Amino acid sequence: MKKLFGFATIALLTLGLAACGGSGDTTDSSKAAESGDLTVLKVGASPTPHGEILEHVKPLLKEEGIDLQVVPFDDYILPNKALADGEIDANYFQHIPYLNKQIKDNGYDFTNAGAIHIEPMGLYSKRIDDIKDLKDGATILTSNSESDWGRIITILQDAGLVKVKDGVELETATFDDIAENPKNLTFKHDIDPNILATAYANDEADLIAINANFAYGAGLNPTKDSVLLEKDNSPYANVIAVRTEDKDKDSIKKLIEVLHEKDVQDWILNKWDGSVKPVAANAE
């Protein structure tokens with residue numbers, strides 16, 4: 001019904017376009033309707049910082065002949081489903097390990113079109129200001145996103161709070177891989193990522209690991225407000241993900257090029273006081 005309505009609307013606008021678009025397909029914007037002379041590019045994104053970054057580059061992409069339309073998502077499941085279903089042309093919300101796990105778990109035929117920025121993961125507390133004051137038996141609250149567990153464990157290991165078993169890759173480590181836990185920390189990892197900021201506001205644990213985009217949404221700055229912060233050599237770059245068949249499209253390439261422009265990267269650094277760090281072109 002939706003597809004029929006879209007076809008009818010296009011037909012009313014111009015008979016020529018209706019004749020060219022006979023199937024009425026609106027799921028692939030490179031083959032679908034144009035806004036004037038602009039190619040429509042729909043990108044799903046987390047509102048902050050991803051959506052704000054995309055909104056910032058809209059005028060630059062318009063100069064390149066692209067009408068960038070930002071589709072906001074507040075969770076980590078629907079953006080990939082929407083991409084797989086053809087409802088959007090790309091998404092911008094996830095880091096590389098999460099994308100790789102989603103591809104493995106769901107059979108998505110996706111490609112990383114380019115790394116754009118890194119958001120440092122932070123652990124926050126209303127109970128302590130210095131990690132030295134963390135008490136024995138403290139509770140650490142994390143998300144149920146398994147792709148983040150190794151990231152959090154790495155931060156804790158760097159702080160000397162835990163140590164994983166020999167031979168375990170930190171990026172894929174789970175809490176079962178912790179061999180040494182001198183403070184007898186308790187880990188709760190069954191919380192949806194989007195409510196961790198609320199858990200922090202309610203003081204539900206001694207330490208709470210919050211993804212940066214949700215931290216920003218709650219008015220937290222990872223570099224200023226976290227008790228523990230991951231190091232600058234984090235492999236968790238946030239990327240533009242596309243269907244593999246679309247990876248060479250001009251509109252996708254132009255999006256990546258614009259996001260890597262120096263003026264855009266400088267704007268990102270200034271906007272978030274250096275806590276959102278741009279990734280150079282061709283970086284993994």
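Please read these numbers as outputs of a predicted model, since none were measured by experiment. These values consider heavy atoms only, across backbone and side chains, with no hydrogens, waters or symmetry-generated copies.
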Heavy atoms only: give me the nearest Y216-P120 pair and the separation to one decimal.
OH-CD, 4.5 Å
Do K101 side-chain atoms and E146 backbone N/O form a donor-acceptor pair below 3.5 Å?
no
Close aromatic pair by centroid cut-off 6.0 Å: F73 and H50:
no
Does K58 come within less than 4.0 Å of E55, counting only side-chain N to carboxylate O?
yes
CG of L41 to CD1 of I66: how many Å apart, nearest 0.5 Å?
6.0 Å
For the residue pair I152 and A209, what are the closest heavy atoms and their distance?
CD1-CB, 3.7 Å
CG (N100) and NZ (K104) are apart, to the nearest 0.5 Å, by 10.0 Å
Say whether V70 and L61 are linked into one hydrophobic cluster, either directly or through other cluster members, by side-chain heavy-atom distances under 4.5 angstrom.
yes
Strictly by modelled atom types, are Q69 and D67 linked by a side-chain donor-acceptor pair under 3.5 Å?
yes
Can we say D203 and R127 salt-bridge, meaning some charged N sits less than 4.0 Å from an Asp/Glu carboxylate O?
yes
Please tell me if the side chains of I118 and Y236 come closer than 4.5 Å, counting only heavy atoms from C-beta onward.
no
Using a 6.0 Å cut-off, check whether atom NZ of K183 has over 12 heavy atoms from anything other than its own residue.
yes
So does E64 get a backbone contact from the side chain of K254, meaning a donor-acceptor N/O pair under 3.5 Å?
yes
Please find the pair of heavy atoms, one from Q94 and one from N91, that lie closest to each other, and give the distance.
NE2-OD1, 3.0 Å
Quick one: does D192's side chain have a donor or acceptor within less than 3.5 Å of a partner on N194's backbone?
no
Looking only at heavy atoms, which two atoms of P278 and Q265 are closest? And how far apart?
CG-O, 3.3 Å
Same cluster or not: I210 versus L161, using hydrophobic residues (I, L, V, M, F, W, Y) connected whenever any side-chain heavy atoms lie under 4.5 Å apart?
no
For a quick check under 3.5 Å, do D105 and Q102 share a side-chain donor-acceptor pair by atom type?
no
Distance, nearest 0.5 Å, that separates CD1 of I155 from CD of E230
5.0 Å
So does V43 get a backbone contact from the side chain of D89, meaning a donor-acceptor N/O pair under 3.5 Å?
no
Can you tell me if K277 has over 12 outside heavy atoms packed within less than 6.0 Å of its NZ?
yes
Within a 6.0 Å radius of atom CG on D136, are there more than 12 heavy atoms belonging to other residues, nucleotides or ligands?
yes
Check whether the side chains of T244 and D109 place a donor and an acceptor atom closer than 3.5 Å, and report yes or no.
yes
Which distance, rounded to the nearest 0.5 Å, do you find between the CG of N238 and the CG of N112?
10.5 Å
Do N144 and P193 come close enough that some side-chain heavy atom pair is under 4.5 Å?
yes
Which of these, Y124, Y76, F93, sits in a ring pair (Phe, Tyr, Trp, His ring centres under 6.0 Å) with F214?
Y76
Taking A205's backbone N and O only, do any of them form a donor-acceptor pair with K188's side chain (distance below 3.5 Å, no angle check)?
no
Does any N or O in the side chain of D75 come within less than 3.5 Å of the main-chain N or O of L78, such that one atom is a donor and the other an acceptor?
yes
Evaluate the criterion side chain to side chain contact (heavy atoms under 4.5 Å, CB included) for residue pair L60 and V258; output intermediate values, then yes/no.
CA-CA 7 Å; L60 299 176; V258 166; 3.8 Å; yes
Please check this pair: side chain of D206 against backbone of T139, looking for a donor-acceptor N/O pair closer than 3.5 Å.
yes
Any side-chain donor paired with an acceptor under 3.5 Å for N106 and N80?
no
For the residue pair I208 and I191, establish whether any side-chain heavy-atom pair is separated by less than 4.5 Å.
no
With hydrophobic residues grouped by side-chain heavy-atom distances under 4.5 Å, do I131 and I178 end up in a single group?
yes
Sub-4.5 Å side-chain heavy-atom contact between D74 and P47:
yes
Quick check for you: to the nearest 0.5 Å, what is the distance between E171 atom CD and I96 atom CD1?
8.5 Å
Can a donor-acceptor pair be found, under 3.5 Å and without considering hydrogens, that links the side chain of N270 to the backbone of D266?
yes
Minimum-distance pair of heavy atoms, taken over all atoms of N213 and P49
CB-CD, 3.9 Å
Side chains of W267 and E261 in contact at under 4.5 Å (non-hydrogen atoms):
no
Common cluster, V162/W149, ILVMFWY with side-chain heavy-atom separation under 4.5 Å:
yes
Sub-3.5 Å donor-acceptor pair from the side chain of T111 to the main-chain atoms of V242, do we have one?
no
Do D177 and I153 touch side chain to side chain, with heavy atoms closer than 4.5 Å?
no
Parallel, tilted or perpendicular: rings of Y98 and H95 (30°, 60°):
perpendicular
Will you find, in the side chains of S275 and D273, an N or O donor that is under 3.5 Å from an N or O acceptor?
no
Are side-chain heavy atoms of N181 and F187 found at a separation under 4.5 Å?
yes
Can I116 and V279 be said to form a side chain to side chain contact (heavy atoms under 4.5 Å, CB included), step by step?
CA-CA 5 Å; I116 308 303; V279 174; 5.9 Å; no
Aromatic rings Y92 and H117: how do their planes relate, parallel, tilted or perpendicular, breaks at 30° and 60°?
perpendicular
Give a yes or no on whether a salt bridge exists between K249 and D246, defined as a side-chain N under 4.0 angstrom from a carboxylate O.
yes
Determine, for D85 against K81, whether the closest basic-nitrogen to carboxylate-oxygen distance falls under 4.0 angstrom.
yes
List the steps, then state whether side chain to side chain contact (heavy atoms under 4.5 Å, CB included) holds for N211 with E119.
CA-CA 8 Å; N211 296 84; E119 302 171 23; 5.8 Å; no
Connected via hydrophobic side-chain network under 4.5 Å: V276 and L269:
no
Flag the pair F175 / V164 as yes when at least one side-chain heavy-atom distance between them is below 4.5 Å, and no otherwise.
no
Determine, step by step, whether D129 and V227 satisfy the side chain to side chain contact (heavy atoms under 4.5 Å, CB included) criterion, reporting the C-alpha distance in whole Å, the side-chain angles of both residues, the deciding distance to 0.1 Å, and the verdict.
CA-CA 6 Å; D129 295 319; V227 177; over 6 Å; no
Can you tell me how far NE2 of H56 sits from CG of L259, rounded to the nearest 0.5 angstrom?
9.5 Å
Show the nearest heavy-atom pair for residues D176 and K165, with the distance to one decimal.
O-NZ, 3.3 Å
